[in-house]
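First comes the structure, then the notes that go with it.
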Amino acid sequence: METAVKLGFSLAGIIIMLFLPPYLDGIARRVKARLQYRRGPPLSQTWYDLRKLFGMPSVKPTKKALFTWAPYIALASAISAALLLPYGNVVPVDFGYNLVVFFYVVLMVSVFLMLAGLTVQNAFSHLGSAREMQVILTVEPLIAILYGVLAYNSGSLDLYTIMTGLHLTPSLVLTYILLAYALYVESGFVPFDIAEAEQEVIGGPLSEYSGRLLGVFYYAIYIKRFALLWFFISLLTLPWIGPIGTPEKAALVLALQFVLTVAFYPIIAALEATNARLRIDHVVKMNTRAFFAGLIILAMAFMGW
Amino acid sequence: MFIEYAIGAFILGGLLGFIRDYKSAVKASSFMAFLGSLLLLGEVYNVYTNGPVKVNLYGLPLNVTDVSAVFLLIIGIVGTAVSLYAISYMDIFERTGKGWVYAIAYNTFLASMALVVTVDSMEYFVVSWELMTLSSFILVFFSERKRDVNASAKYYITMHFLDTIPLFLALGTAYSLVGSFDKLSFENIGSALMTAPAHTKIVFGGLLLIAFMTKSGITPFQFWVAETYRAAPSSVSAVMAGAMEKVALYGLIALVWKLVGTTYSLGLLVALLGAITLTVGTLYALRETNAKRLLAYHSVGQMGYIWLGIGIGMALIPKGGALGAIGALGAFAGLFHALNHAIFKSSLFLSAGAVEYRTGTVELNELGGLGKHMKWTALAALFASLAISGVPPFNGFISKWLIYVSGYQSGNLLLAFGAVLAALISAATLASFVKFYGTQFGGEMERYEEVREVPGTMIAGQWILAGLTLLIGIFPGTVTGVLNVFNAPVEGNLYKIGFKSVLFSPVLFVILLGVLVFGFYLALKPSYGKEAKPWDCGSTQIDEDEYRINAEGYYIKYERKIDGFYRFGDWFYAVGAAIIHYIVRGYIWMASYFVKIVDTPYTKVESVADLRKSEVLYGDEEALKPLVRFLRIACDVLPGIRLGTFVVLALITVGVVIGILMAL
């Protein structure tokens, strides 16, 4: 019985994580359209786009094997990260259910995106990769410091302990706020989409990709965004709803996670629609400030606030 | 048992240098070094299965403990791979023609490191240490280019002031404690230190700490590292970064920690030094565009990680209980990172050397597009780059991760902040290595169309190490047995590693990732339509080799943002340079009383350059000069005298002497 329930939840998680992300993008497109008084595309438009890309051959700009493999590795990393998250109270594949592992597996998507951009002899790709790296360079320290607060607050880096052992303190509230910012930046939403920046560097690391390989990369990026959002929502809700003993409660929690994820997307879309892309030096500056704010929060946490 | 044969192999390797032909001498001696390093690994296995052994090596007392075994493992792995690589690589220095210098210095270097980590007495420790410094110094200026010679001189002088002097003073302190040069074994010193007053301990420990900080390039003594590693042949840089720095770590653990003992505040000091070093080293590396200097600064940074881990151990282990367990984990992670760093850093130096071997340069701004022609080198460099950036499932991830776990859970703000810095710097490391890999192997350049892959032994050398980054990353259980000298409560078996509930299963991760990658690859097989050149906005006049960003431009915005840090560092460097300038002035002031410039008398000695430019006469030479002059004249005159004159002179002399004697 126990294993059957676990299996069921894992399956639900896998279905959500594979099928939901493009729909979330569809929601975002619809919201953006409505904000501009347009009708907007159907919710599954992103799925149609992906299907079309999957059906088209790619143009080959280089013979390097890494160019071909990078999209698949990025997609696999994104899915691995999503598999490491709790659906209800079940983690589909627990290869290391803690903050640092999750953090690095998500990072791998960006790593292979950058490496892919650097395999071709194209200044735009290189520029995009370098920009992506500079964003990571400034946002990862912030995330590291916030993880430090979480680890200190709950006494462990282990996510099971964090999900059950967080205490509500002022520093934790501030951590949630900054973490939302940091994960938003890491997801690369507007105004932080400077790496791809369609109008400036024509897709950055993706500029030489086309057809099926491009589709795989897009899919990886959607899943990565989903994983970060799902992670944030789990961190926001799970610690406060008490122990999950029964499958019924777990199902309710899963429903809550699902609803919140869908509900957060219009907010993200609204932010995207109402902002213009920042310049790379602006992002560097903002993230550095946020880092110092994070330092203060860490000190607060150690003082017990 | 094995270690005797290993030293024997190194000696034989040195002797083989006397083969007349440069290439044969270098190849034969490198091969003997390879065998010797393999034998060192045999010794590690021996100690691992049979426990610590005491060996009498031609009269030298050796004590191969479990800590020694860890460092022998590091030296063995690095030595094996690098020596194999050097068999072909050293060809590029053929114009120097001094195969015997390389053969002796290189084999001595490896042998002396093996001795430093195993000898059981203070005086032999110091002697082996000096031998290590001397032989590495000779290897650094092996290329004999002017800039390299200057770098090696700087290295040697630094080592003299900050390594040799403290070590000899420490040796003197140990002698004063024990009272006899014959009984300077570590055991005797340890028992003498038990009853010694506190300040003696502080002096002894402090002197050793300075020596070991300098050798591992801990801030503020990191200034010699970059130029030295740049100047040395890449294979030697690989050994210096991979093994020699770790030998200093052995000193920290075996001498400072085990012998003198540790306290909470000493541990915090070591951890703090580590945290500062990892920040300084890595941020300096970020702006480097010379591959070898970049790697050198990264070895400074990675030594910081290691010191942070060991520092956590030194601070928390004495506390015992739950904190003690976290401390042991930190120390274990530090040692683990030492091994991992040895592997991936040597591998990276070998890759840089392979590029240098084929293109003649390590300047990242000029390189590019080599991935197509040097596939194996490129893949090895990619593996090692991912490993040093801490990307799972490579080995760097595991040890860095354990350092974070111990730092974050230490419950101490300083240590936790150290871990945060470590995570921050991890991103900077990734940035550097994206640049390192991307600029050398990414893109396609016509300039390097003719470049071929390096010879087989060089590929084998790189791949021994690059393969190990993945192997240890997936199966950390293979080495944790040897490494766990602190009895850290590291959970798990061959498939899992972690601490308490914080676990990571690399095997599961690799299987999952592999299944997903290949599954999607098969499900959505890449299909290519036409081939096309990268899009260049339709330009017709573009130099395609330069249609990219060069190494300098990668992170320019970020570097500008942290410009304040660099300026502070440069200011610090300027202060250090000013101090050295005044030391030199003081030296010259003293020297001016003992040195005379010969060719233009009455010239005042103003700077070192004066001493180098003109022919000089030292005080002792001047005092003995009349005698020397008399002897010279005698030498010139005597052969010219005829026999008769000589007999007459001799008779007169004898007569005078007899007359004086009779008068008395």
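For the numbers below, each heavy atom of this structure counts, side chains included, while hydrogens, waters and symmetry mates do not. Below, read A as the first sequence line, B as the second, and so on, with proteins coming before strands; counting in each chain starts at 1.
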Evaluate B:F518 against A:W69 for ring pair (Phe, Tyr, Trp, His ring centres under 6.0 Å), listing each step before the verdict. CA-CA 10 Å; B:F518 285 102; A:W69 282 96; 5.4 Å; yes
For B:P392 and A:V105, the nearest pair of non-hydrogen atoms, with its separation, is CG-CG2, 4.5 Å
Looking at B:K525, is its backbone amide N or carbonyl O close enough to the side chain of A:R212 to form a donor-acceptor pair, meaning the two atoms are under 3.5 Å apart? yes
Candidate list A:L157, A:L99, A:D158, test side chain to side chain contact (heavy atoms under 4.5 Å, CB included), partner B:V405, passing option: A:L157
Side chain from CB out, backbone as N, CA, C, O: work out which of these in B:I511 comes under 4.5 Å of a heavy atom of chain A, or both, or neither. neither
Apply side-chain contact (heavy atoms from CB on, under 4.5 Å) to the pair B:V391 and A:L107, showing each step before the final yes or no. CA-CA 8 Å; B:V391 172; A:L107 187 63; 5.8 Å; no
Going through the distances and angles, do A:Y72 and B:Y521 end up as a ring pair (Phe, Tyr, Trp, His ring centres under 6.0 Å)? CA-CA 6 Å; A:Y72 297 99; B:Y521 186 82; 5.1 Å; yes
Quick one, A:Y152 with B:Y408, criterion ring pair (Phe, Tyr, Trp, His ring centres under 6.0 Å). Give me CA distance, side-chain angles, the key distance, then yes/no. CA-CA 7 Å; A:Y152 184 74; B:Y408 276 136; over 10 Å; no
Under a 4.5 Å heavy-atom cut-off, does chain B meet the side chain of A:N122, its backbone, both or neither? both
Do the side chains of B:F520 and A:I79 get nearer than 4.5 Å, heavy atoms only? yes
Establish, from distance only, whether the side-chain atoms of A:E140 and B:S426 form a donor-acceptor pair under 3.5 Å. no
Between A:K64 and B:G443 (side chain of the first, backbone of the second, donor and acceptor by atom type, cut-off under 3.5 Å), is there such a pair? yes
Does B:E444 reach the main-chain N or O of A:Q121 with its side chain, forming a donor-acceptor pair under 3.5 Å? no
Any side-chain heavy-atom pair of A:L213 and B:Y528 under 4.5 Å: yes
Between the side chains of A:S129 and B:Y554, does any donor sit under 3.5 Å from an acceptor? no
Is it the backbone or the side chain of B:F441 that comes under 4.5 Å from a heavy atom of chain A, or both, or neither? backbone
